[in-house]
J.: 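Provided herewith is a single structure, encoded as structure tokens, for subsequent inquiry.
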Amino acid sequence: MQFIDLQRQYKALKNLIDNRVAKVLAAANYIGGAEVKELSANLARYCGTEYCLTCANGTDALTLALRCFNVKKGDAVFVPDFTFFASAETPALEGATCVFVDADRRTFNIDAEKLDEAISEVIKVGKLNPKVIITVDLFGLPANYPAIKKVAAKYGLPIIEDGAQGFGGSINGKKACSFGDISTTSFFPAKPVGCYGDGGAVFTDNKEYYELMCSLAVHGKGEFKYDNVRIGYNSRLDTLQAAVLLEKLAAFENYELSERNKIAKSYTKILGEKFVTPLVPEGFVSSWAQYTLILNDENERAEIQKKLKEKEVPTMVYYPKPMHEQTAFNKYADRSQKLKTSAELAKCVLSIPMHPYLTEEEIQKVCSALLECR
Ligand SMILES: *Cc1c(COP(=O)(O)O)cnc(C)c1O
């Protein structure tokens, strides 16, 4: 059994993907081909935003977004403590100081009340300039935007939604990657919608941000390619990846997202009696980038991982270290007293196989292996 079975997915979509790829090879428009434009339009339609720009990866997407708010040294950027490193790495790379905010224990996402506290603390100390809030839709569940947006409005701060894992999720029908002033996603192969290499995208309703990011992604271009008006990057999604993604997005819309939700529902029904299963608040839909259990402690987790491995059931720990415990960020550890939930989660979380091609037998096998552990 695979943790995420990309081979099975390719088998299901082989004809469609092969045809799309063959068309690109025949046209030889490897950069900026028609598929890139078609994909951006489909992505914007799917997420319900005015604009979408595809780029080289989800990390670049965050950097492009941060550049729109002129994030720099002396700025405070509020980032969830419990996330993948790139959410915090990108503001740090712009010279800003990451102010880590604790997680909500049951949704794994940023705690809106603690976000409010962190911002007011920074204002009170008066050393840093509060600039941007980065939210993350961890494991596929949109962050608590109704509450976060109130906090953002209270302090007049923009939101960058890091939807690298969240693509496909929603709150009361409004899609993930449409909640931020700018939202980002990643098409890394293991994400809910992945390509066959690296890829990413930014989403916004703001024309100015969109045009700025279009320029930044192509060496800060101005009126034409060899007119460079600012220092930018080379951050494009290539045509082959766009071709793959066109078919993957269609499959995701047609059945993969609902399959993911069916599987998660089965897991929760069977495992819920003995385990703390992931909470999906009323009105929220997750894209189930991960299905993550909360175990008692580190020892139990190690034991369960070992037992499941013996039965050939793969598991993963996302994430074993919160941001404030990362060596790269040690100097910001002075807020560790306020980051206890994320530190605790890092010791107790365990993710189990999740992808839309899991069979009924595989689901049963994962569940009985887990139930035998308690
Ligand atoms: C994967 C991921 C990223 C980075 O995406 P890449 O395409 O790998 O650069 C950023 N944030 C989160 C939360 C992620 O899971």
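We count ligands from 1, going down the list as the structure has it; atoms in each ligand are counted the same way. Computed from a predicted model, the values in this text were never measured in an experiment.
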J.: Any side-chain heavy-atom pair from Gln165 and Thr83 closer than 4.5 angstrom?
T.: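 When only atoms from C-beta onward are counted, Thr83 and Gln165 do not touch, as no gap falls below 4.5 Å.
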J.: Between Asp102 and Thr341, is there a side-chain donor-acceptor contact under 3.5 Å, judged purely by atom types and distance?
T.: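 Their side chains do contain a donor-acceptor pair, which is all the 3.5 Å distance test asks for.
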J.: Ignoring hydrogens and geometry beyond distance, is a side-chain donor-acceptor pair present between Thr135 and Tyr145 at under 3.5 Å?
T.: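 Yes - a donor-acceptor pair under 3.5 Å links their side chains.
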J.: Quick one, His324 with Asp81, criterion side chain to side chain donor-acceptor pair (under 3.5 Å). Give me CA distance, side-chain angles, the key distance, then yes/no.
T.: CA-CA 7 Å; His324 79 275; Asp81 191 40; 2.7 Å; yes
J.: Can any side-chain N or O of Thr239 pair as donor or acceptor with the backbone N or O of Gly33 at less than 3.5 Å?
T.: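 Yes; judged by distance alone, with no hydrogens or angles, the pair exists.
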J.: Using modelled atom types and a 3.5 Å cut-off, is there a donor and acceptor pairing between side-chain atoms of Gln241 and backbone atoms of Tyr196?
T.: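 Indeed, once roles are kept as given, a pair shorter than 3.5 Å links the two residues.
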J.: May I have every N or O pair linking ligand 1 to the protein at under 3.5 Å, one per line with atom names and distance?
T.:
residue  : atom   : partner : partner atom : Å
ligand 1 : 5 (O)  : Ser186  : OG           : 3.4
ligand 1 : 7 (O)  : Gly58   : N            : 2.7
ligand 1 : 7 (O)  : Ser186  : OG           : 2.7
ligand 1 : 9 (O)  : Gly58   : N            : 3.3
ligand 1 : 9 (O)  : Thr59   : N            : 2.9
ligand 1 : 9 (O)  : Thr59   : OG1          : 2.5
ligand 1 : 11 (N) : Asp162  : OD1          : 3.3
ligand 1 : 11 (N) : Asp162  : OD2          : 2.7
ligand 1 : 15 (O) : Gln165  : NE2          : 2.8
ligand 1 : 15 (O) : Lys191  : NZ           : 2.6

